[in-house]
Amino acid sequence: MEKKNYHEQVYEVTQMIPEGRVSTYGIIADYLALGSARMVGWALNKSFSSENQIPAHRVVNRKGELSGRVHFSTPTLMQELLEAEGITIVNDKIVGLESVLWKPWEDEEED
DNA sequence: GTGATGACGCAGT
DNA sequence: GACTGCGCCATCA
């Protein structure tokens, strides 16, 4: 088990997301080569049971919709957390998604 | 061991 | 432009 499980890598990437930024399942799935965006959502869902606290509220679907808000303590918690970071949410969707969108390889700066 | 489901994404209609 | 169906891989019943 020296090799990290794919969901641990999801935790790492999610924790790498800076404040005021968000990422998408598709981006993370592509970055980790999971092959399925569902795996990312599933991994984040398990993150609530993990010791590590994952800012899952910074992860949304490809459309920028807060699809996973229902998994939070309250369906509005996710939106409030994002708005608290300066992100505007309208109709449960991120405004100016591309402006706040963050990519793992962007921080890695892989040239 | 099989079937169904899931915080999604894409192609086709 | 919106909706439907299928695929992705792992977990649960």
Side-chain angles (χ1 to χ4, degrees):
Chain A
M1 297 187 185
E2 295 161 321
K3 182 179 181 179
K4 293 183 179 178
N5 293 322
Y6 77 93
H7 67 258
E8 289 201 23
Q9 303 202 50
V10 174
Y11 298 164
E12 296 264 320
V13 175
T14 306
Q15 290 179 355
M16 283 166 61
I17 302 174
E19 291 186 13
R21 298 284 177 208
V22 298
S23 189
T24 76
Y25 303 103
I27 288 172
I28 297 173
D30 184 57
Y31 177 67
L32 300 178
L34 299 181
S36 301
R38 290 188 141 177
M39 302 290 87
V40 181
W42 175 85
L44 289 174
N45 182 290
K46 282 192 64 176
S47 73
F48 286 93
S49 300
S50 179
E51 301 176 0
N52 304 316
Q53 295 299 306
I54 314 298
H57 60 272
R58 293 184 188 150
V59 184
V60 297
N61 66 2
R62 196 183 87 74
K63 298 176 186 172
E65 300 175 358
L66 282 50
S67 53
R69 65 196 152 153
V70 296
H71 292 267
F72 285 77
S73 304
T74 60
T76 55
L77 179 61
M78 189 174 185
Q79 177 174 335
E80 290 185 48
L81 289 171
L82 291 171
E83 290 187 313
E85 297 187 357
I87 297 173
T88 305
I89 310 295
V90 175
N91 195 11
D92 297 324
K93 288 190 294 188
I94 295 175
V95 177
L97 177 61
E98 295 186 23
S99 300
V100 297
L101 186 60
W102 177 88
K103 299 169 188 168
W105 50 78
E106 194 175 82
D107 187 71
E108 295 280 296
E109 295 187 89
E110 273 186 39
D111 187 67

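The structure presented is a predicted model; accordingly, all values stated were derived computationally and were not measured. Reminder, nothing fancy here: chain letters follow the sequence lines and each chain counts from 1.
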C/dC9 P sits how many Å from A/Leu32 CG, rounded?
14 Å
Can you see which heavy atom on A/Ser50 is nearest to which on A/Tyr11, and at what distance?
OG-CE1, 3.7 Å
So which of residues 60-68 of chain A are in contact with DNA chain B, with a heavy-atom cut-off of under 4.0 Å?
A/Asn61, A/Arg62, A/Ser67, A/Gly68
Minimum-distance nucleotide to A/Arg38 side chain [options: C/dC8, C/dT11, B/dA7]
C/dC8
Report the relative orientation of the aromatic rings in A/Phe48 and A/Phe72; use parallel for angles under 30°, tilted for 30 to 60°, perpendicular for over 60°.
perpendicular
Assign A/Ala29 to base, sugar-phosphate, or nothing according to its heavy-atom contacts below 4.0 angstrom with the strands shown.
nothing
What is the separation between atom CD on A/Gln9 and atom P on C/dC9, rounded to the nearest whole Å?
16 Å
A/His7 NE2 to C/dA10 P, straight-line distance once rounded to whole Å
12 Å
Has A/Arg58 got a side-chain atom pairing as donor or acceptor with A/Thr24's backbone, closer than 3.5 angstrom?
no
Is a side-chain donor or acceptor of A/Ser23 paired with a backbone partner of A/Trp102 at a separation under 3.5 angstrom?
yes
Among the nucleotides C/dC9, B/dG9, B/dA7, which one has an atom lying closest to any side-chain atom of A/Ser36?
C/dC9
Residues in side-chain contact (heavy atoms from CB on, under 4.5 Å) with A/Pro75, at least two apart?
none
